[in-house]
Number of protein chains: 2
Amino acid sequence: MLTIRDIAAKAGVSVSTASRALNNNPRISQATRERIQALAEAEGYLPNYNAKNLTAGEANAVGVVFPTADHSQPENPFYIDLLRGINSQLTQRHYVLSVAISKTADELLENVKSMVAQGKIKRFVLMYAHHDDPIAAFLRQQKLRFVTIGQPDDHPSDYFVDNDNLEAGIGGATYLLDQLHVKHPVFVESSHNWAYEQQRRQGYERVAATFNVEPLTCKLGELNRVRLFIKQHPEIDGIMATDDFNAIEFYRLVREQSAVKHFPIVSFNHSLPEGLTDANLHSINLFPEKMGSATVALLFSDREPLATPTPGRIKIPYEIK
Amino acid sequence: MLTIRDIAAKAGVSVSTASRALNNNPRISQATRERIQALAEAEGYLPNYNAKNLTAGEANAVGVVFPTADHSQPENPFYIDLLRGINSQLTQRHYVLSVAISKTADELLENVKSMVAQGKIKRFVLMYAHHDDPIAAFLRQQKLRFVTIGQPDDHPSDYFVDNDNLEAGIGGATYLLDQLHVKHPVFVESSHNWAYEQQRRQGYERVAATFNVEPLTCKLGELNRVRLFIKQHPEIDGIMATDDFNAIEFYRLVREQSAVKHFPIVSFNHSLPEGLTDANLHSINLFPEKMGSATVALLFSDREPLATPTPGRIKIPYEIK
DNA sequence: CTGTTAGCGCGTTCAC
DNA sequence: GTGAACGCGCTAACAG
């Protein structure tokens, strides 16, 4: 294995000079710095990160924490795209992505704790934003850097990356009413009262007010209750849902009762493969990969100041397709 | 931070004795070994894995490689479950799960290479099994340990974990014909010719022969071709598909042409949320979490010999629900 | 600007 | 059975 001593020897300098040159230490002259970097490049030298980590006291790894199934739906493709966005940025920084994923919250916390204690991981991404999250609490207490996906409403000073869900709700509802000519839209959400759902609903309600239509909301859950809801609202001619899956589930129940023709749907996440449904589905793309990239930018903003107007929180735009 | 010197001091022994005691070195007497381990436990000592990795020349991390989108569908929830199964085993071994995920195969290979060169990761899981995979080739050449998910038909000596897709195909088809009383089943597969699809199809074909029904297969792809296929086969009264998504896509096209009543479906992976479809869907559970656990067992079988009859390949059973 | 030295925390010689 | 000393590869403190 090629070590720093080897390239120091070949360059005819001491090890520390080589080290400084490779790490762009300003105390090294431009000339020798470039010479050594070129040599290292030519020789194919790669630093040993285990050694680097030992001296740095910090691993070149970011812990990425999945939500548990009771809190969210970790199976959602959204998370895979997010992962990809995060990883693309991490590899550029020579960081590695370590995941913490588990069925129970307790195991998950143990997972994170051992990452911190034994592995010296000091930066984390929580792919969710929950109230009273024990993992966030632990990271805060240890004064470790972390960024959440979604706005953590109980800890406003945390770093987070989010979509502007309110605006996306407005955009989606406007599209549904204006472009798709729906007269009696229903807003469909899960039974979980997640923050992003509420924000999207607010957007919907605002637009409804503008268009002078009565806002109507249905929470999913017990099937017969939803069926009854649909029976009581035969006027519904379009859906806005918080999620593709929710949209399809509701739509299916509508179709059970009547074969409608014109029935546009606007929902979020773009998470269903093409051809899976005959619904007229317009899914709002929230660019999970971009969110992942932005997350990493925020996570490293202590080293690489970012150019955004609002440091600490980044909003990713959306797109209706 | 509590180091090994601290607990050596508290135990009144030298550092090396402490180290040996903690690593169960037989040269240490049972008594002192237990005493020191108990002390370390009590004091909450945790070894620094960065230091450990440096001396060991190997990181306590396993690289887990996602397929690229052109080869498979990384968004499939299957992979999340697999991840969870892998991680649960890794945490027990004080290992960390590092993912490699990328859009392009080139980037992915770079990702893996830097994990090896810089991070000293020496064990990998490929969550796929492709022909002529450059990553597998690289790992082989570097003589690193890796396990693939699915049988790599071009390199029979590789380690892999798989389902018995043939048997699952037989079981599923039997269930469809015998329990669900389908007379004219069609086998639906993707256009990719993946190995596991062919194996499942073989199972289907065998059962078809037994039941004296003509085997019928439809590859998905161009919609109008599939529509034509359906039109030409009005006798079809049940589906066996290689995947829940494929099943639903085909079923939708069937429904386009006629409102059928009794139309059972058997497919694989159990990857759709409940309530998403009104199809009579029986999805075969392949226990991805179990596959993940087995994968790790295989990956560490050099250290912890496994009790399976066929070392090198593990088959996970299936379940029809 | 550059070289010398001393650790980082651990496992592992090699002596006793 | 136990301890002292060294080295893993690299960075940082102290020199010059």
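In what follows, chains are A, B, ... by sequence order, proteins preceding strands, each numbered from 1. Predicted model, so just to flag it, every value in this text is computed and none were measured. What's counted below: heavy atoms across the whole structure, side chains too, no hydrogens, waters or symmetry copies.
A tilted orientation is assigned to the rings of B:Phe66 and B:Tyr79, their planes being inclined by 30° to 60°.
Crowding of A:Glu41 atom CD: a count of heavy atoms from other residues, nucleotides or ligands under 6.0 Å not exceeding 12. Shown here is B:Arg5, whose CZ atom has no more than 12 heavy atoms of other residues, nucleotides or ligands within 6.0 Å. Under a cut-off of 6.0 angstrom, the local environment of CZ in A:Phe138 is crowded, with over 12 non-hydrogen atoms contributed by other residues, nucleotides or ligands.
When the ring-ring contact (aromatic ring centres under 6.0 Å, His included) test is applied to A:Tyr45, no partner is found at least two apart in sequence or on another chain. With sequence neighbours excluded, the residues satisfying salt bridge (Lys or Arg N to Asp or Glu O under 4.0 Å) with A:Glu43 are A:Lys10.
A 4.0 Å heavy-atom criterion places the boundary nucleotides of DNA chain C facing chain A at C:dC1 to C:dG9, written 5' to 3'.
Going from atom CZ of B:Arg84 over to atom CD of A:Glu75 covers 5.0 Å, rounded to the nearest 0.5 Å.
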- request: Determine, for nucleotides 9-16 of chain D in 5'-to-3' order, which nucleotides have protein heavy atoms under 4.0 Å from the base (write B), from only the sugar-phosphate (write S), or from neither (write -).
  value: BBBBBB--

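Note on residues 120-142 of chain B: pairs passing side-chain hydrogen bond (donor to acceptor under 3.5 Å, both in side chains), not counting sequence neighbours, are B:Glu58-B:Arg123, B:Arg123-B:Asp302, B:Tyr128-B:Asp133, B:His131-B:Asp153, B:Arg140-B:His155, B:Arg140-B:Asp158.
In this structure, A:Val296 and A:Arg93 have side chains that are in contact, with non-hydrogen atoms separated by less than 4.5 Å.
Overall, the helix from C:dC1-D:dG16 to C:dC16-D:dG1 carries an axis bend of 40° between its ends, with five pairs at each end and the value rounded to 10°.
Checked options B:Ser19, B:Pro47, B:Ser16; the residue passing with B:Ile4 is B:Ser19 (criterion: side-chain contact (heavy atoms from CB on, under 4.5 Å)).
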